[in-house]
J.: 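A single structure is presented below for examination.
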Amino acid sequence: MHPLVAIGLVFLAAVAWMVTILTMLIVLVKARHQPPAQVRRAVQGVELQSTDERAG
């Protein structure tokens, strides 16, 4: 294998790992901020269901 090809492959592998790690960090940060909104939606859903049950 030509040395420049090997260097290019190592560079591409490093970029791929960097993108993977950054993506995982972004997903982790978003996941930490998301649960309160989901809990709020779930509570609103329960309140709406109980209101609908009373009307029915």
J.: Please determine whether residues W17 and L25 belong to a single hydrophobic cluster, defined as Ile, Leu, Val, Met, Phe, Trp and Tyr linked transitively by side-chain heavy-atom distances below 4.5 Å.
T.: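 No, because W17 and L25 fall into different hydrophobic clusters, even though each may have its own neighbours under 4.5 Å.
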J.: Could you grab the distance from atom CG of L12 to atom CD1 of I7, nearest 0.5 Å is fine?
T.: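 The CG atom of L12 sits 12.0 Å away from the CD1 atom of I7.
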J.: If I take atom CE from residue M24 and atom OG1 from residue T20, how far apart are they, to the nearest 0.5 angstrom?
T.: 8.0 Å
